[in-house]
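Worksheet: one structure, shown below.
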Amino acid sequence: METMTFEKLINKVKEYNECEIEYITKAYNFASKHHEGQVRKSGEPYISHPLAVTYILASMKADRDTLCAGLLHDVVEDTDVTLDDLRFEFNDTVAKLVDGVTKMNKINFNSKQEMEDANTRKLITSITKDARIIIIKLADRLHNMRTLEFKSENKQIENSIETLEIFIPLANHIGAYKIKRELEDLVFYYLNKETYKRLKEEVNDFQKKAENSTDEMIYTLTKELYNHEINSRIEKEMRSIYSIYKDLQEFNKLEDIHNLLSLKICVDEIKDCYYSLGLVHSKYIPLANRFKDYICQPKTNMYQSLHTTVFGNDGYLVQTKIRTNDMDRIATYGLTGYWDVLKGKAGSEMQKDLNNKFQFYKTLQDINDLVENNEEFVEVVKNEVLNKNIYIYTTTGLIIELPYGSTPLDFAYKIGLEYGKNACAFMVDGELVPLNYKLKNNQIVKIIEGPKKIDETIDINQIVTTKAKTYVKKLTNTNEN
Ligand code: MN
């Protein structure tokens, strides 16, 4: 891998921000001076790492303070610079961001595990203080994973597992698909090199075999859209080898995966999306049940797009994703996609968006409030936020994100305390279900309220989420008194 230079970084920043180069240069000089003499395991000077991290941030069009914090992110942990120094030399925000990514002092802990749990909690909850901390951490982790070959095998496995359990799900929750995809493949490579290499080759062969067919499709659709005066950009979309590997557990053969070949069509306006969809379907026959409208109903991480899988030429199935250019930016960078538009205000705007739009955020806050012990916190967050989720509809069509295995009462408490407390029975897809019923993706749940108290009959082990458990326990205790 090429060593990152300050010049390359500055050129990247100049693509979207010409006027704050001086301040960023100051941060570079400061970091460079304090990391002087330190070397990475790869043999490169240490400063190459913060430079590479900041380059990743600049690719997301990060604001000035985030870029400075990227350059300075390791000075407090690895040199004698203090947060006060940063506050004095730069500003409060830069100091706060660096503080967020700095690990806690060893001397405060009795064991390595205790320290790790505390640091994991600090990392995860940093998003409630300033989402930019997580984004710097993701960039940091991405560069560390890219250069993992220089670490011992033990470290490789340890870092890969942590990335898989914490960082990839976080990237997914904030919709940062570009980072997520790259992390997935790096983790998969380090955890299972043989399978990774074999599958990558198979996927490449398959895509090559289908190349004429997909190229022809791009050509036909470009012409068709142009003839109908729709401005468009059509590209092939690459999936991570890891996600294909996961699909294979379900589908067995590569040929059976309906979205192994994938095109994205980016247009200017929402109405163009639906018009383009019509054009795609008029040229290629859609596969039944594979149409999804994530424009009207965004994913819980704010991803928006139309999805349709069609029969392309030569019988290849091709998933076609249609979205506006704005949606495409969010689909690529997630939460950070907003940076571009809002520059200076990015920090507070992102925080507002997290609060209003991203469902995992509220869950995280609830767990943070309800669980005091760090070890338990990490466990609960892994199970209820970062692990596999299911998506359930309310009767008005809202999508509720819940951990796998959730019951209707978990659903009710997730919507709101009152719903949980007053529920007396549940209907799922129109049928009454027992209280221990395990919900499945895309079901519709209706909460029936009534005088019969659910907490008298429910076995607490039959519910999954910490929030529901906590309140059911409270209710039960009050009744006994
Ligand atoms: Mn670092």
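Start at 1 and go down the list; that is how both ligands and their atoms are numbered. Quick note: residue numbers are just sequence positions, from 1.
Panel detail: the Mn ion (ligand 1) has protein N, O or S atoms under 2.8 Å away, 4 in number.
In this structure, a donor-acceptor pair under 3.5 Å is absent between the side chains of Gln351 and Asn355.
The ring pair (Phe, Tyr, Trp, His ring centres under 6.0 Å) analysis of residues 43-69, with sequence neighbours excluded, yields the pairs His35-Tyr46, Tyr46-His49, His49-His73, His49-His143.
Salt-bridge formation is not detected for the pair Glu36/Lys33: no Lys NZ or Arg NE/NH1/NH2 atom is positioned less than 4.0 Å from an Asp or Glu carboxylate oxygen. The residues Lys208 and Glu211 are annotated as not salt-bridged, no charged nitrogen and carboxylate oxygen being separated by less than 4.0 angstrom.
Here Met60 contributes atom CE and Arg329 contributes atom CZ; the two are 14.0 Å apart, rounded to the nearest 0.5 Å. The CE atom of Met350 sits 8.5 Å away from atom CD1 of Ile174, with the distance rounded to the nearest 0.5 Å.
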